[in-house]
Amino acid sequence: MTTTVTTSDLVPGVWPSTASRSADGVLEIGGLDVRDLAQQYGTPLLVLDEDDLRARCRAWRQAFDGWPSGADVAYAGKAFLSKAVVKVVQEEGLGLDVCTGGELAVALAAGFPPARLWFHGNNKSVAELERAVAAGVGTVVVDSFEEIVRLAAVADRAGVRQRVYVRVTPGVEAHTHEYVQTGQEDQKFGFSLASGAAAEAVRRVVTLPALELVGIHCHIGSHIFDTHGFSLAAHRMVELLAAIRDEHGIELPELDLGGGHGIAYTAADDPMSTADHAAGLRTIVERECAAAGLAVPRVVVEPGRAVVGPTTVTVYEVGTVKDLPGLRTYVSVDGGMSDNIRTALYDARYTAVLASRRSTAEPKNVTLCGKHCESGDIVVHDVPLPADLAPGDLVAVPASGAYHRSMASNYNHVPRPPVVAVSGGVSRVIVRRETEDDLLALDVG
Ligand SMILES: *Cc1c(COP(=O)(O)O)cnc(C)c1O
């Protein structure tokens, strides 16, 4: 074993908890040298720090443990879903959100208890609803008037009384990228609170014997840093619970406040702690419930990015360095927008480090780009890397766990990278590398 020294380029919170530099300056994760991991598994490679993942699951669980009427933390699987991750999530006591038949299939294949699943989505097919009901999915979050009718018919045929939430859009504009805002009025998800659609959805659900309305749900967006949006949404959701009580004489026992908690992609990001987030929600829900004369409901939160995002590092190999004097330096790596679409899609900001050696060269701002046939194929804009960076060096990009592998594509027929979980000096492949044969197998022409 080499002795490890943590150097300041691995900012805690941006990098997973076991990331460190060895005495000779090489990045290690889970006690393993990234050069060895790259040698064994190839690049690009997603390295998932399993200890960090478990610690994050536990922090979320513990933050809501003291909720007066009980709480569920349901990991939003769309951030990154694999059987191994499902098992970790289950072992750590979390529930699980799925939004398609495909995500449901992964959860079931991993043996996740169906009663601990929440099924979301604005256009679930009849076939997906049938599978969910047949599998015994705990809660279906209904998102449209059509779905209410469809789900009631499916549950009826199956002879099941299906637990449901109504998805509400509370009219809150979270301060985040417009593609990931989901609380405001003008969008595809859910029933508007302001227009009365949410109240109307409740009216229809309660008349259907095959559906058991147990709660309401909202999710105001993704990668949110300020508490204001969450507080306003919680306030409006409790008002709706009170209105439902007044109209129907029922106090719904559950309130789902969604996910959306931001993470640190770079040292400039300062997300609130899980504990502060939980405490903030509790204060507002307790206060609003007291004012409305309601018992505090069981609460559900659905973090995705905040559970898995910071756990994973992408390791790439540098292939070319193109220096345009007075203009810019492009450093090309062996992946790109096929394994990280977030930079191109959301103009997301990342950091990167030289991972395979120590360099004493001065840092120089470069554009880290991919190998795809598009000039927007950028992994990291303007990142300081040592001026002697050269082909064959490994670079590592942290905060790659959420919406990287799950949004990966085969653009340019590039096979998608593997995910390797590391812990205590041991590595294991949890999603294997795709091969050209995998891709050709789909091409039956
Ligand atoms: C995407 C999503 C989440 C998770 O969002 P994060 O930003 O990853 O925390 C939670 N709930 C619903 C309904 C979602 O669509």
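Atoms within each ligand, like the ligands themselves, are counted from 1 in listed order. Just so it is clear, the model here is predicted, and its values are computed rather than measured.
At a cut-off of 3.5 Å, with distance as the only test, no side-chain donor of Y75 or R56 sits close to an acceptor on the other residue.
With a 4.5 Å cut-off on side-chain heavy atoms, H219 and D97 do not count as touching. Here the side chains of L252 and P297 are not in contact, with every heavy-atom distance at 4.5 Å or above.
Between W60 and H277, the ring planes are perpendicular. Angles over 60° get that label, and only those under 30° would be called parallel. Using the six-membered ring where Trp is involved, W118 and Y165 have ring planes that are tilted, between 30° and 60° apart.
By the side-chain hydrogen bond (donor to acceptor under 3.5 Å, both in side chains) test, D256 pairs with no residue at all, sequence neighbours left out.
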Report every pair formed by an N or O atom of ligand 1 and a protein N or O atom separated by less than 3.5 Å, giving atom names and the distance to 0.1 Å.
residue	atom	partner	partner atom	Å
ligand 1	7 (O)	S222	OG	2.3
ligand 1	8 (O)	R305	N	2.7
ligand 1	8 (O)	Y403	OH	2.6
ligand 1	9 (O)	G260	N	2.9
ligand 1	9 (O)	G304	N	2.9
ligand 1	11 (N)	E302	OE1	2.7
ligand 1	15 (O)	K78	NZ	2.6

